[in-house]
Amino acid sequence: MSSSEDDRPLAAMHGARTNGTSSTVSADTNGTTPGPTFANKNPKSVGHETGGRFDKMANKSTNGVRPVGTAVVPLVNGSVGDSGGLGRGKRKGRQAPIKESGSSSEDSDAPLNKRRRTSNAIRKENGLKQEESSSDDDVPLAKKTAAKRRNAPSPTLVKREKKPSAPLRRDSSDSDIPLAAAKLAKEKQRIEQKAAKTAKEIRAEENKAATAAGAKRKPAGNANTSELAKKTGKAPLKKANGIKKEESSDDDVPLAKKRKGVVQKPTESTKKVAPGKKIKEVDTKPIAGKGKGKAKEETPGEADDEEEEEYKWWENQAETDGTQKWTTLVHNGVLFPPAYEPLPKHVKMKYAGVEVTLPVEAEEVAGFFGAMLDTQHALNPTFAENFFKDFQTILKQSGGAKGPDGKSVNILAFQKCDFKPMYDYFEEKKAEKKALGTAGRKALKAEKDKAEEKYLYCYLDGRKEKVGNFRVEPPGLFRGRGEHPKTGMVKARVQPEQVTINIGKEATVPAPPPGHNWADVIHDNTVTWLATWKENINGNIKYVMLAATSSLKGMSDFKKFEKARELKNHIDRIREDYTRDLKSELMADRQRATAMYLIDKLALRAGNEKSDDEADTVGCCSLRYEHITLELPNIVVFDFLGKDSIRFYQKTPVIHQVFKNLKIFKKAPKTKGDMIFDRLDTTQLNKHLQNYMQGLSAKVFRTYNASWTMQEQLDEIPNEGAVHEKYAAYNLANKKVAILCNHQRTVSTTHEIMMQKQEEKIKGLRYQKLRLKRMILSLEPARKKKNPTFFRPDPEIDDEEWIRDHQVFLIEQEKDRITKKFEKENEKLRESGEKGLKDKDLKERLQIIKEMEAEFKTENKTGKIDPKRGATIEKLEAQVQKMEERIKKQETEAQVREDNKTVALGTSKINYIDPRLTVMFCKKYDVPIEKIFAKTLRDKFKWAIESADEDWKF
DNA sequence: CAGAGTTAATCGGTCTTAAAAGC
DNA sequence: CGCTTTTAAGACCGATTAACTCT
């Protein structure tokens, strides 16, 4: 039973099922139908008939809907409501009162109230089989409504959910466990062995070092780790490791010492600044400077750090309970953007055609807009409006604009503002910088690097770790994506007074900029951030955290994938359960089951509620009436805007029961604006998922299905051929995953032009080929009879007119080339003090054009071209062959470019595909990892690169 | 629900690559 | 003519920060 097929994501399973004609539910659930797997989802197999993702892609650009990214284009055209099918309008339905009165107790809560009634109405109208009495049915609902307000699950509800799943859990998944468990055990063993080995090595090294240094030592980090390991009493081997490691050190009392240090040292904690293995430094350099201190002072010692550093957490995994993230944390705070530099006096915006002088504060804001004149944002009315409102406010607060005569000017109309002078100035600046040349720019960069140096790294448990975004976000105009109601508002400059620093007690608190204070300094080791502030637009909290290469992020990434892998052990049961619950009499359960089906099959996001002052985007639970259309017999058309306002458009067959359910969920009185899943939200859904597996939530399905699909795709790649072929195959697999996750990118503005250019180029090659053939004909005219088709132009260029045009183009091009070359030579000559060439020389050179023209003329008349001397039929044929190859190459390149124009491979590579799959692929197929993982990814996924081998399985 | 983390597209710059120029 | 060097388009990369999930 536990064949690998059962592990297929629904993507595959349901595809197989639904392709079968009248699949019954029972047939569905057994999931053994092998059938084509991914292909069922693949646009190529499904798309043309059912309008799979292919259609989505195709549709996108032709639809008048902004393909991806910002919604500016449609906005510019003035019509916000282009989105007929998109359901992008505000959900009026949400607010719309519903006439029938519900029970009074719920009246206060409009949406819930509405939901409830809707569902009741639906139930009545559908005559949903009610094994439960209607009153019974109502009870949980009432409770739920109340419970929801209190944010606590109703006992009834919990019971209901649990009962069925418990027994099922037992029998359904049993079959899978032994195998999987065995695999896991094996895996664990391998890892542990490795860990043990490394531990040994480390110990050996340490001993050596210890003897050499002769004294105390112990990275605080290790001590810490082991301590935690002890606490949780985890895997014996690991524990052993920890203990061993610590042995030498623990009695050295690093912890106690440290603690003492912490307590006693509010002042110069420098000794503790670099705890851990930097004993050498600690010993040799008494690290004096606190403020300027640590990071810098350490640089000299870096060389040996570097080798020694490298904390391979994945080889030394102490299970922590996860709440404590560090014991010591040392860092230098955040880097603020440079203060605003006022524009030179002569650069002024104009109002109604007249230059006005702005107070600096307002000038800065005006400049924000001025700098964006050539972006799409500037054309977005919402953006402009929001900007202008804020601009006016700031202007008012700062004293207002003054005309050339010194009198106040009231800035009242956006239309009368002209930011062009500012724009021009910025462009000028850019050009200046460009003109600096490589050397100058290098110097500039060195300067910048120096300023950043001390923020680049921090010390977490004594280990040097890279900090991610240590720069405080600079002020500017908020670039909300999609139809964000607040886009264009002024994002204020963040003052130190708003920034809270989180740092180890033992560390020196970084000094705030002179004359300023921090909002607060805290020592919270249950979080990973180093600094935080609240952003003024949406009130969101921003954090400075460690880089993706850090151990903290690495470990959590690792855990994420392990969690997804664990889902393998539960997925069968989960699918069985929800397939069964699709028919539940309880509306809430039925909705939940349906949602789970969609999340599993289509990789939808959970879909939390959003407020009205955000862009109107949805995920699964927040789908509304207008986002789904049903087409008999079982096709569902999804059309909605997801995260980042990326359109999700898909026509897909679903199993009968899901189709039926969706129909019910859409039934009157529901209408545009109403929630499809009115009895479900993400919290409930996730709570339900927790019952199956600790830590299971909706998003895990995305990771699981993405990685699972990747594994499946990679398995199909034959291990043969050149590296570039295998690489291409990998990318194809990657692409399937990207499509599954609906990862898109905007078609670059130049795409169409590029495609046309390339097409023209290919035609040019075809023409060249034709000419070669004509040369052959000139050498041996008799061939034409033997093989007439061979000498005909390719159909793409079988067009007299085009050929004529092309000939003209070629002549022009040649003229151009000759002239340019002439000028260049001339310049060179003059530069070296010689006299330039004369026009006469140019004319001479252009003689060749005449010949070309003549050649084309006879060619057009006779269809023959005199081959160059020395040409033979064999040589020409070889050249034809070569030309064919070039054409082929260009064509496939064009195809790939066209196919990938809207697909973004990066996101899935970075976030969804277990990197160990890629590592496995590279090892097994002998593809250099560098081809697939760029530098930053190699760093980020170091744990995977060093721990997965060629047999690794997701 | 605020808070903490993860996921996402995009932007601006750099590096690659393939064709043209030079030898 | 065939090889190497130069050049420019455009692919690719990393940084950035918005937008999401989930507790």
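In the text below, chain A, chain B and the rest are named by the order of the sequence lines, each starting its count at 1.
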Would you mind classifying the nucleic acid contact of [X] as base, sugar-phosphate or nothing, using non-hydrogen atoms under 4.0 angstrom?
| X | value |
| --- | --- |
| Gly468(A) | nothing |
| Asn608(A) | base |
| Lys491(A) | sugar-phosphate |
| Ser556(A) | sugar-phosphate |
| Gln890(A) | sugar-phosphate |
| Gly607(A) | sugar-phosphate |

[atom1] of [X] versus [atom2] of [N]: gap in Å, rounded?
| X | N | atom1 | atom2 | result |
| --- | --- | --- | --- | --- |
| Tyr704(A) | dT6(B) | OH | C1' | 21 Å |
| Lys559(A) | dT21(C) | NZ | P | 23 Å |
| Phe941(A) | dT6(B) | CZ | P | 12 Å |
| Gln376(A) | dA9(B) | CD | P | 18 Å |
| Met754(A) | dC12(C) | CE | C1' | 13 Å |
| Met555(A) | dG5(B) | CE | P | 14 Å |
| Met545(A) | dT7(B) | CE | C1' | 13 Å |

Has [X] got a side-chain N or O lying under 4.0 Å from the OP1 or OP2 atom of [N]?
| X | N | value |
| --- | --- | --- |
| Ser697(A) | dC22(C) | yes |
| Lys610(A) | dC20(C) | yes |
| Lys687(A) | dT23(C) | no |
| Arg605(A) | dA8(B) | yes |
| Arg702(A) | dA8(B) | yes |
| Thr617(A) | dC20(C) | yes |
| Thr936(A) | dG14(C) | yes |
| His484(A) | dA19(C) | yes |
| Thr746(A) | dA9(B) | no |

Given the rule in the side chain to side chain donor-acceptor pair (under 3.5 Å) test, do Lys942(A) and Thr549(A) qualify, once you have shown the distances and angles that lead to the verdict?
-> CA-CA 8 Å; Lys942(A) 194 155 193 183; Thr549(A) 50; over 6 Å; no
Will you find, in the side chains of [X] and [Y], an N or O donor that is under 3.5 Å from an N or O acceptor?
| X | Y | result |
| --- | --- | --- |
| Thr918(A) | Tyr730(A) | yes |
| Arg897(A) | Gln758(A) | yes |
| Glu465(A) | Ser551(A) | yes |
| Asp899(A) | Gln895(A) | yes |
| Thr487(A) | Asn386(A) | no |
| Asp600(A) | Asn705(A) | yes |

Which listed nucleotide ([options]) is nearest to the side chain of [X]?
| X | options | value |
| --- | --- | --- |
| Val527(A) | dA4(B), dA15(C), dT6(B) | dA4(B) |
| Tyr543(A) | dG5(B), dA18(C), dT23(C) | dG5(B) |
| Asn686(A) | dT7(B), dT6(B), dT23(C) | dT23(C) |
| Lys699(A) | dG14(C), dA8(B), dT21(C) | dT21(C) |
| Phe478(A) | dA18(C), dA8(B), dA15(C) | dA18(C) |
| Thr683(A) | dC20(C), dT6(B), dT23(C) | dT23(C) |
| Lys935(A) | dT17(C), dG14(C), dG5(B) | dG14(C) |
| Tyr912(A) | dA15(C), dA8(B), dG10(C) | dA8(B) |
| Asn911(A) | dC22(C), dA4(B), dA8(B) | dA8(B) |
| Thr528(A) | dA18(C), dG5(B), dA11(C) | dG5(B) |

Closest nucleotide of DNA chain B for Lys560(A) versus for Arg479(A): which of these residues is on the 5' side?
->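 The 5'-side residue here is Lys560(A).
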Starting at the 5' end of DNA chain B and moving along, which residue's nearest nucleotide shows up first, Ser908(A) or Asp524(A)?
->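 Between the two, 5'-proximity favours Asp524(A).
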Answer yes or no: side-chain N or O of Lys643(A) and base N or O of dT7(B) forming a donor-acceptor pair under 3.5 Å.
-> yes
Do Glu473(A) and Val494(A) pass the side chain to side chain contact (heavy atoms under 4.5 Å, CB included) test, and can you show the C-alpha distance, the side-chain angles, and the key distance before you say yes or no?
-> CA-CA 8 Å; Glu473(A) 292 176 17; Val494(A) 177; 5.8 Å; no
So does Asp939(A) pair up with Lys935(A), basic N to acidic O under 4.0 Å?
->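 So Asp939(A) pairs with Lys935(A) through a salt bridge.
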Which sits closer to the 5' end of DNA chain C, Ala934(A) or Val700(A), going by the nucleotide each is nearest to?
->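 Taking each residue's closest nucleotide, the earlier one in sequence belongs to Ala934(A).
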Mapping Glu893(A) and Leu937(A) onto DNA chain C by nearest heavy atom, which one lands closer to the 5' end?
-> Glu893(A)
Which of these passes salt bridge (charged side-chain N to carboxylate O under 4.0 Å, His left out) with Glu891(A): Lys763(A), Arg886(A), Arg766(A)?
-> Arg766(A)
Compute the bend angle of the helix from dA2(B)-dT23(C) to dC23(B)-dG2(C) from the end axes (five pairs per end), rounded to 10°.
-> 20°
